[in-house]
Amino acid sequence: MSFKERVFAVVRGIPRGRTLSYKEVARRAGNKKAYRVVGNILNRNCDPEIPCHRVIRADRSIGGYNRDVKEKIKLLKKEGTILV
DNA sequence: CGTATGACGTGCA
DNA sequence: GTGCACGCCATAC
């Protein structure tokens, strides 16, 4: 089980209407200091099975998206995600 | 195997 | 309040 697999598992387990920061995901994955790797992995492998759009920066910033940032924002608002 | 990269995070100017 | 630079770890090439 590689770190990226754990990251995917965590991201996949994010309930709808909730967002987790890269740092939070990394923390759940086991390595809270690998928050950079989280974004890195998602970027390199944004599987459609993974709600990677529910992962945002710690300061609630959208950060970026493999496709289009606007699409990410749209998805979050559409799902009623808490984007304070 | 070694080097470079990156959707980050925090601190300081 | 905004912008720049540094640090840190796993993945990809």
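This one's a predicted model, so the numbers in the text were calculated from it and none came from an experiment. Per chain, numbering begins at 1; letters A, B, ... match sequence-line order.
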Between C1' on B/dC8 and CZ on A/Arg28, what's the gap in Å once rounded to a whole number?
18 Å
A/Tyr35 side chain, from C-beta outward: closest of B/dC8, B/dA7, C/dC9
B/dC8
Main-chain N/O of A/Glu5 paired with A/Ser2 side-chain donor or acceptor, under 3.5 Å:
no
A/Lys72 side chain, from C-beta outward: closest of C/dC9, B/dG9, B/dA7:
B/dA7
Whole-Å gap separating P (B/dG6) and CG (A/Asn45)
16 Å
Could you check how far OH of A/Tyr22 sits from P of C/dG7, rounded to whole Å?
23 Å
Whole-Å gap separating P (B/dC8) and CD1 (A/Ile62):
12 Å
Should the side chain of A/Arg36 and the base of C/dG7 be counted as holding a donor-acceptor pair, with the cut-off at 3.5 Å?
yes
Is it true that A/Ile50 and A/Ile56 fall in one hydrophobic cluster, defined by side-chain heavy atoms closer than 4.5 Å?
no
If you check every side-chain atom of A/Tyr65, which of B/dA7, B/dG9, C/dT11 has the closest atom?
B/dA7
Rounded to whole Å, the CD1-P distance (A/Ile56 to B/dC8) equals 12 Å
A/Asn66 side chain to A/Asn43 backbone, donor-acceptor under 3.5 Å:
yes
Tell me: CZ of A/Phe3 to C1' of C/dA12, nearest whole Å?
16 Å
Report the nucleotide, chosen from C/dT11, B/dT10, B/dA7, that has the shortest atom-to-atom distance to any side-chain atom of A/Ala58.
B/dT10
Atom CG of A/Leu20 and atom P of B/dG9 are separated, to the nearest Å, by 12 Å
A/Ser21 side chain, from C-beta outward: closest of B/dG9, C/dA10, B/dA7:
B/dG9
For atom CZ of A/Arg6, is the number of surrounding heavy atoms from other residues, nucleotides or ligands below 6.0 Å larger than 12?
yes
Please determine whether a side-chain nitrogen or oxygen atom of A/Lys23 lies at a distance below 4.0 Å from atom OP1 or OP2 of B/dT10.
yes
Starting from P on B/dT10, measure out to NZ on A/Lys32 and report it in whole angstrom.
12 Å
Applying the salt bridge (charged side-chain N to carboxylate O under 4.0 Å, His left out) criterion to A/Glu79, which one of A/Lys72, A/Arg54, A/Lys74 satisfies it?
A/Arg54
